[in-house]
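Before any comments, here is the structure.
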Amino acid sequence: MSAMASLAQQFMLELRTPRSWLVLLVPLFLLLVCYSLSTFSAKRGRPRQQASDNHLPPSPPALPVLGHLHLVGSLPHVSLRNLARKHGYGDLMLLRLGAMPLLVVSSPRAAEAVLRTHDLVFASRPRSLVAEIVLYGPSDIGFTPYGEYWRQARKLVTTHMLIVKRVQSLRLAREEIGEAAAAGAAVDMSDLLGSYINDLACRAVMGKSFRSQGRNKLLRELIEDTSQLLGGFNVEEFFPFLARFGVLSKAVRAKSERVRRRWDELLDSLIEDHERKYVAVAASDSSEDDDDFIHVVLSVRQEYGLTSEQMKAILLDIFFAGIGTASSVLDFTMAELMRRPHLMEKLQAEVNSSVPEGLQLVSEADLTDMTYLSAVIKESLRLHPVVPLLPHFSVASCSIDGHTVPAGLRVLVNSWAIGRDARYWEDAEEFIPERFIGDGGAAHVNFKGSDFQFLPFGSGRRMCAGVNFGIASVELMLANLVHRFDWEVPEGKKRGDIDMSEVFGLVVNRKHKLLLVPKLRV
Ligand code: HEM
């Protein structure tokens with residue numbers, strides 16, 4: 001058993017998707033069969049409501065013990081959409097992943113019921129072992145259960161965060177592009193966009209960039225590891241009874257603790273730096289710039305009664321929620337534009353005509369009239385919502401479309417499926433920004449949370465706390481990328497070769513690096 005355990009632990013670290021767990025779970029089940037036969041009953045797998053409620057949402061046929069786990073592949077948002085489609089459960093579908101019941105919401109109508117009509121019932125988040133370890137409790141905003149602490153933490157971020165001077169970060173990115181253009185070299189766009197957003201978030205949170213300290217790479221790695229761990233498909237959650245054997249829990253726990261330790265070191269040193277700096281500033285009576293977020297958190301710490309773990313969790317949320325998302329949106333958007341040069345030209349024409357002659361950098365003030373730019377980003381968010389599955393949790397039972405939704409149920413709103421629902425979107429799989437402008441069919445549709453066919457930032461109480469920051473950062477960078485530069489694929493490659501395959505995590509990314517050659521337009 002111990003050799004099996006260590007093999008399993010090593011293997012666990014490599015596994016990230018439900019179906020891949022099966023390779024490990026099959027032999028494990030053989031070992032545990034006696035235990036599972038005696039303790040695993042239909043009742044265990046059901047939410048708190050009674051098991052025989054025939055008004056529960058419909059479920060496809062399931063296997064014993066595994067439930068529907070074998071039907072969820074490496075891109076869960078795609079598998080869940082296909083499953084709902086195949087069985088005609090376009091709105092609500094109840095699955096059982098191992099012992100874990102899960103409600104999947106796949107239509108705008110059902111999403112409205114969950115996120116607006118019954119907002120309070122679904123405003124909490126499901127418990128997650130990983131979030132408890134990595135996010136200090138969790139004491140962040142995104143994973144904390146609905147309640148007073150969440151309300152206070154969210155208020156702190158929405159009131160004080162995000163006074164950002166973006167110019168410096170843009171200038172650095174522009175210099176990098178300019179150097180590549182002069183040398184005729186290719187730029188790794190995923191890297192460039194990641195660094196830009198990284199830089200922005202660091203300036204907002206700590207008032208300076210990480211570049212000079214060489215911590216950029218560390219932050220990017222931490223964000224990637226955290227996203228994969230928090231993606232929500234951990235075997236612990238499907239088979240809580242296996243945790244009693246320690247085999248599975250040790251592996252997930254060990255990886256989560258490693259990630260948490262690395263965050264801890266980074267965040268501790270940032271907070272200490274700031275504490276030192278402000279003691280020095282106070283002593284010298286100088287009026288140094290003090291509008292960065294760590295300073296704000298430190299100064300309201302007493303008022304909000306924050307422990308140091310809670311402070312770190314909130315800071316971690318800003319880095320994690322702000323950096324991974326916005327850079328992935330930019331990456332998907334540039335890739336889509338490169339595959340369609342006529343759309344790129346149209347965007348360039350708009351940006352160039354809106355920016356006063358001779359300006360090197362496009363500023364936020366120049367963005368006001370760029371309707372096509374905004375349509376391009378909306379269309380990118382529709383086809384590629386970078387948080388494709390919105391995790392919620394029912395704290396009371398309610399009724400949706402005549403179905404009983406019990407209390408204590410995990411819920412995933414499939415924002416990816418909803419944005420491609422052909423009942424609501426014409427040519428749903430095509431990239432057509434024009435649908436969002438003029439007399440396009442979606443000209444009135446926005447991402448502010450009241451159009452349930454378009455939920456890239458979610459909706460309701462748990463809607464993204466950084467929409468404005470995120471959108472402004474993405475719009476500004478995209479405008480600067482296309483202003484005065486043309487972009488080409490490296491020699492020997494074709495635009496059509498740009499691969500839109502994804503890697504799943506809480507935040508979805510494009511799988512392959514985007515390498516592009518900038519040319520300065522004269
Ligand atoms: C374009 C970039 C971004 C996208 C696409 C995005 C998307 C999302 C989505 C889909 C959610 C979940 C909503 C739900 O569960 O219904 C979310 C939550 C959140 N986002 Fe963003 N986000 C972005 C940028 C940011 C930024 C820059 C911040 C920084 C403040 C941020 C902070 C948060 C927080 C704190 C939450 C948790 C809210 C809660 O649970 O109360 N996001 N985001």
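A donor-acceptor contact closer than 3.5 angstrom links the side chains of Glu148 and Gln152.
With salt bridges taken as basic N to acidic carboxylate O contacts below 4.0 Å, none links Arg258 and Asp225. No salt bridge links Lys511 with Asp499; every basic N to acidic carboxylate O contact stays at or beyond 4.0 Å. Look at Arg261 and Glu265 and you find no salt bridge, because none of the NZ, NE, NH1 or NH2 atoms lies under 4.0 Å from a carboxylate O. Between Asp191 and Lys513 no salt bridge is recorded (no basic side-chain N to carboxylate O distance below 4.0 Å).
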For residues 115-123, run the donor-acceptor check on the side chains, cut-off 3.5 Å, and write out each pair with its distance to 0.1 Å, sequence neighbours left out.
unit_1: Arg116; atom_1: NE; unit_2: Glu112; atom_2: OE2; d: 3.4
unit_1: Arg116; atom_1: NH2; unit_2: Glu112; atom_2: OE2; d: 2.8
unit_1: His118; atom_1: NE2; unit_2: Ser399; atom_2: O; d: 3.3
unit_1: Asp119; atom_1: OD1; unit_2: Arg461; atom_2: N; d: 3.4
unit_1: Asp119; atom_1: OD2; unit_2: Arg461; atom_2: N; d: 3.3
unit_1: Asp119; atom_1: OD2; unit_2: Arg461; atom_2: NE; d: 3.1

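Aromatic pair Phe454/Phe436: ring centres closer than 6.0 Å.
The aromatic rings of Trp263 and Phe319 lie parallel to each other, with less than 30° between the two planes, well short of the 60° mark. Taking the six-membered ring for Trp and thresholds of 30 and 60 degrees, His384 and Phe332 have nearly parallel ring planes, at less than 30 degrees apart.
Judged by the 6.0 Å distance and 45° axis criteria, Arg260 is positioned over the aromatic ring of Tyr136.
Using a distance-only test at 3.5 Å, with no hydrogens or angles considered, a donor-acceptor pair links the side chain of Asp188 to the main chain of Ser190.
Judged as a ring-ring contact (aromatic ring centres under 6.0 Å, His included), and not counting sequence neighbours, the contacts of Tyr89 are His87.
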